[in-house]
Amino acid sequence: NIARYRVFFGIIMFANAPVSRQLATMAALAMLQSVSGTHDRSVPDHVSPLRQIPNGITWRTQIEAIRVEAYGTDSIRVRVTNGKGAVSTTVPGAVLDTPEIDTSATKSRPAVLINPGNLAGGVTPNGTVTNGMVTASIQLSSKYSAPVNTYSITFYRTGNPEDILVEEYYPEHGRPARAMWPHARGSGNLIKAEFSFVAQPGEKFYGLGQHQNTLLAQNGVVVDFDHTNTEVGIPFLLSSLHYGFIWNLPSRGRVELSATGTNRWVSDAATQIDYVVLGASNSHGVMSRLAEATGHAPRFPDFASGYWQCKLRYATQQELLNVTREFSRRNLPASMFIIDDDPAFSPHLGDWTLNPKDWPDVDAMTEEIVNKLGYALMISVWPTVEPASKNYNPMFDQGLLASTETGGCDVGRQLGAGISVYDAFNDDARKFLWDNLRVHYYDKHIHSFWLDADEGMGSLGEARPWPKIDETFAAGSVEAVGMMMPWYHQKGIFDGIRALNSTADVMTLSRSGFLGSQRFGGAIWSGDTRSNWDYLNYQVRAGLNMQMSGIVWWTFDAGGFNFGNLDDTDFQYLFVRWLQYALFSPIMRNHGVRSCADKKGFQTCPNEPWSFGPEAYIANNASIQARELLRPYVASAMHAASTDGRILQRPLFFDFPDDETASAVDDQFMFGDDIVVAPILTNVTNRRSIYLPKGSKWVDMWNHTSVPIDGGTTVTVDAPLTTIPAYRRATPKFADTTRALWASLCAIAVNAADALARLRRRGSV
């Protein structure tokens with residue numbers, strides 16, 4: 001007993017100033033319980049519904065059942081049902097049951113404390129779950145009284161209860177922070193679920209996927225979780241307070257972020273609430289925790305770091321051979337060529353094969369392109385199947401197609417009535433698709449796949465006509481699980497390739513994705529953007545937020561996809577600037593559908609770097625040559641992404657969190673650890689200002705005589721047609737960086753400027 005009371009009074013005396021007396025008392029009583037092996041027998045069990053489970057606390061009230069558990073490193077997971085049944089550990093979601101953490105690393109063990117309370121003494125039941133940097137405090141809410149007895153959860157930085165990360169919102173009247181009600185009458189165990197929380201003063205929110213809303217910080221925005229072309233909803237939020245929040249529900253819904261005050265996560269159709277709070281000391285650390293929770297990206301393939309060439313579309317085998325030969329003849333670097341438009345080249349939707357009329361000898365074609373010229377190949381794959389396809393009847397008979405609650409499999413209405421979509425949630429359906437891709441493509445040296453129109457939310461990501469809202473998959477309705485369709489689609493390709501070779505490189509390019517898509521080698525591009533300056537601006541913020549959502553492999557259509565006219569000088573200039581932005585993006589990819597007066601012998605207008613006029617070609621060539629030199633730098637940065645979740649393209653505040661000016665910049669970014677980039681985003685200037693963050697000296701990347709400039713400075717620089725404003729650290733962090741690399745990049749800029757000057761002199765004669 002003496003030992004017990006020493007512990008009790010010791011905790012009270014040594015509780016430091018920021019710790020409230022209530023929390024100190026709670027910890028002391030919980031320690032008494034752990035020392036004695038039981039709690040005070042004078043306190044009846046029914047006073048405290050809180051029960052300890054391994055690494056957590058669970059409780060049940062009249063309206064809900066809850067589990068709060070330590071998860072992975074510095075993270076806590078919360079699952080809540082409406083009290084009709086126990087919390088499930090098997091519902092669909094992207095969070096791994098066992099996080100991918102380094103088990104050899106030393107980390108603190110989770111700690112669980114429960115104070116059973118003493119109503120006579122005025123102490124209500126309470127408890128804490130601590131996991132490294134994050135503590136969840138469980139308290140009886142003062143807003144509600146018996147018989148409801150709602151327990152609130154507040155997350156704070158361990159050791160300082162005043163440093164609140166996530167605080168549940170409880171109004172005096174109205175629905176509580178954790179609100180659940182039936183999805184619809186007769187919908188079984190489906191519920192509509194909400195979670196409300198309070199933003200802290202000055203807090204900013206980032207991530208949440210890819211949205212064309214011009215914003216970096218998403219405060220004041222309602223973000224819908226409903227994949228469409230150019231919009232990808234990923235339910236992960238990165239806070240400026242250095243925590244992350246995973247809403248681990250694959251259902252349609254939204255997050256409502258007020259400019260100040262109350263915020264709300266909403267799921268339209270779920271079986272329970274499931275979220276994870278990730279703690280860290282900085283933004284890089286949060287991304288590391290996210291990768292542990294949802295899976296690390298595999299090794300970035302060597303071919304992926306170079307320049308990718310594509311258009312809508314190379315219509316025949318001969319067209320593709322002519323283009324690859326021309327790149328080789330010009331000594332213009334390229335690493336990947338893409339065969340686009342599955343609906344156009346397949347005999348029927350769902351055949352997943354190149355038609356023999358236009359592609360008479362695929363083996364001979366790939367032998368030349370892959371084995372002789374050294375380029376990788378990627379091919380378009382749509383998830384659609386039409387009744388005329390040889391695969392339709394066997395897939396229908398085996399139940400491998402998505403269906404509808406009202407009957408039938410007519411869900412993919414974008415391409416017309418009667419079009420079906422394969423059920424990516426069905427293990428057998430994924431295998432069926434992969435078996436076709438392996439025989440028709442992979443075995444013929446086409447090893448990468450472009451997963452187009454894979455939003456999975458009805459009508460193939462388009463609203464023409466309105467999506468089928470009653471679409472169903474093997475795992476549930478489109479309302480409940482549809483957001484994960486591209487995730488399972490990517491998983492099927494990954495599993496198929498790795499079954500052939502457990503160490504093979506995997507690269508898919510998808511128009512959509514979900515939390516954790518990076519785990520399956522899933523790159524995502526920003527969809528069918530328009531070829532104008534507004535959309536170039538949108539991509540900068542959309543791409544940064546996408547990568548802050550854990551999608552470390554991200555790209556776009558350089559030049560935009562739609563409405564670019566090769567004969568329009570403004571579009572030619574736009575393409576140059578967009579490709580320069582692509583130079584400093586995770587994947588440098590050119591794609592689009594162009595209009596023109598002369599198709600140059602193609603069935604569709606050209607889209608090669610030399611197709612935009614002679615001045616533009618000089619600039620485009622310089623960008624592609626520079627990317628080729630930077631491939632080791634990109635590969636090194638992508639290795640960090642694969643091992644630690646460290647994103648390649650990121651806002652300045654990631655690397656300079658104490659620089660208030662850097663935190664406010666939303667049109668620049670770091671590219672890896674050493675390069676700060678300020679893309680040209682308007683057609684009215686060849687100059688722009690660039691902020692050089694504090695904590696480093698900076699050197700103009702394109703000028704070998706540049707004098708180092710102290711950080712914390714804004715400079716205005718010239719941006720001639722051939723270069724994009726970019727500075728590098730005077731003392732680089734990249735271990736393999738040599739003076740030769742930077743000198744070679746400067747030489748590219750000088751040579752391009754000289755070539756442009758000569759061209760213009762000839763034109764003026």
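Side chains included, hydrogens not; waters and symmetry mates left out as well; all remaining heavy atoms used.
Pairs of residues two or more places apart, or lying in two chains, that qualify as salt bridge (charged side-chain N to carboxylate O under 4.0 Å, His left out) and include a residue from residues 224-239 are D226-R252.
The backbone N or O of H296 sits less than 3.5 Å from a side-chain atom of E100, completing a donor-acceptor pair. Between the side chain of N219 and the backbone N or O of F205 there is at least one donor-acceptor pair closer than 3.5 Å. For D659 (side chain) and K694 (main-chain N/O), a donor-acceptor pair under 3.5 Å exists by modelled atom type. Formation of a donor-acceptor pair under 3.5 Å by the N248 side chain with backbone atoms of V276 is not found in this model. Proximity of a side-chain donor or acceptor of T158 to a complementary backbone N or O of M133 within less than 3.5 Å is detected. The main-chain N or O of I551 is never found under 3.5 Å from a side-chain atom of S549 such that the two would form a donor-acceptor pair. In terms of modelled atom types and a separation under 3.5 Å, the side chain of S75 and the main chain of L278 share no donor-acceptor contact. In this structure a side-chain-to-backbone donor-acceptor pair under 3.5 Å is present from N545 to L216. Listed for the E64 side chain is no donor-acceptor partner under 3.5 Å among the backbone atoms of Q62. Not a single donor-acceptor pair under 3.5 Å links the side chain of S512 to the backbone N or O of V232.
With sequence neighbours left out, H242 forms a side-chain hydrogen bond (donor to acceptor under 3.5 Å, both in side chains) with no residue at all. By the side-chain hydrogen bond (donor to acceptor under 3.5 Å, both in side chains) test, T81 is found to be paired with no residue, residues two or more places apart in sequence or in another chain being considered. Residues forming a side-chain contact (heavy atoms from CB on, under 4.5 Å) with A297 (at least two apart in sequence, or on another chain): Q518, V552, W553, S642. Residues passing the ring-ring contact (aromatic ring centres under 6.0 Å, His included) test with Y488 are F425, sequence neighbours excluded. Residues forming a side-chain hydrogen bond (donor to acceptor under 3.5 Å, both in side chains) with S288 (at least two apart in sequence, or on another chain): D644.
Q218 and N213 are linked by a side-chain donor-acceptor pair at a separation below 3.5 angstrom, with hydrogens and angles left out of the test. Between the side chains of T529 and D557, no donor-acceptor pair of N or O atoms lies under 3.5 Å. Between Q649 and S585, the side chains place a donor N or O and an acceptor N or O closer than 3.5 Å (distance only, hydrogens not considered). For the 3.5 Å distance criterion, the side chains of R178 and Y170 qualify, holding a donor opposite an acceptor. Donor-acceptor pairing under 3.5 Å is lacking for the side chains of E256 and S258. Side-chain atoms of S526 and Q210 form no donor-acceptor pair, as typed in the model, at a separation below 3.5 Å.
Contact annotation: the side chain of L140 never approaches that of N126 to less than 4.5 Å [non-hydrogen atoms, C-beta and beyond]. In this structure the side chain of W554 reaches within 4.5 angstrom of the side chain of Q539, judged on heavy atoms. Proximity of E168 to I153: side-chain heavy atoms (C-beta onward) are separated by under 4.5 Å at one or more points. Side-chain contact between L544 and F669 is present, with at least one heavy-atom pair separated by less than 4.5 Å. At least one side-chain heavy atom of P651 sits less than 4.5 Å from a side-chain heavy atom of M548. Counting only heavy atoms from C-beta outward, the side chains of I273 and R79 never approach each other to under 4.5 Å. By the 4.5 Å heavy-atom criterion applied to side chains, H284 and D655 are counted as neighbours. Counting heavy atoms from C-beta on, the side chains of I66 and I138 never come closer than 4.5 Å.
Minimum heavy-atom separation, R687 to T716: NH2-CG2, 3.2 Å. Contact record, N131 with P110: OD1-CG, 3.8 Å, taken as the closest heavy-atom pair. Looking at every heavy atom in both residues, P250 comes nearest to P92 through CD-O, 3.6 Å. When all heavy atoms of S137 and T128 are compared, the closest pair comes out as CA-CG2, 4.2 Å. Closest heavy-atom contact between T230 and G527: CG2-C, 4.1 Å. Among all heavy-atom pairs drawn from P586 and Q547, the shortest one is CG-OE1, 3.3 Å.
Using a 30° and 60° split on the angle between ring planes, Y538 and Y535 fall in the perpendicular class, above 60°. In this pair, F195 and Y275 present their aromatic rings tilted. The plane angle is within the 30 to 60° band.
In this structure, F653 has its ring center under 6.0 Å from that of Y206. Ring pair F556/Y581: centre-to-centre distance below 6.0 Å. Taking the six-membered ring wherever Trp is involved, the centroid distance between the rings of F245 and F236 does not fall below 6.0 Å.
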(message) Could you walk me through whether S510 and D454 satisfy the side-chain hydrogen bond (donor to acceptor under 3.5 Å, both in side chains) test, starting with their C-alpha distance in whole Å, then the side-chain angles of each, then the deciding distance to 0.1 Å, before giving a yes or no?
(response) CA-CA 7 Å; S510 181; D454 64 339; 2.3 Å; yes
(message) Applying side-chain contact (heavy atoms from CB on, under 4.5 Å) to D528 and N562, what does each step give before you reach the verdict?
(response) CA-CA 7 Å; D528 297 346; N562 280 312; 4.1 Å; yes
(message) Between D274 and R77, does the salt bridge (Lys or Arg N to Asp or Glu O under 4.0 Å) criterion hold? Intermediate values first, please.
(response) CA-CA 7 Å; D274 185 357; R77 185 175 187 179; 2.7 Å; yes
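Comment: R650 engages D673 in a salt bridge, judged by a side-chain N to carboxylate O separation of less than 4.0 angstrom.
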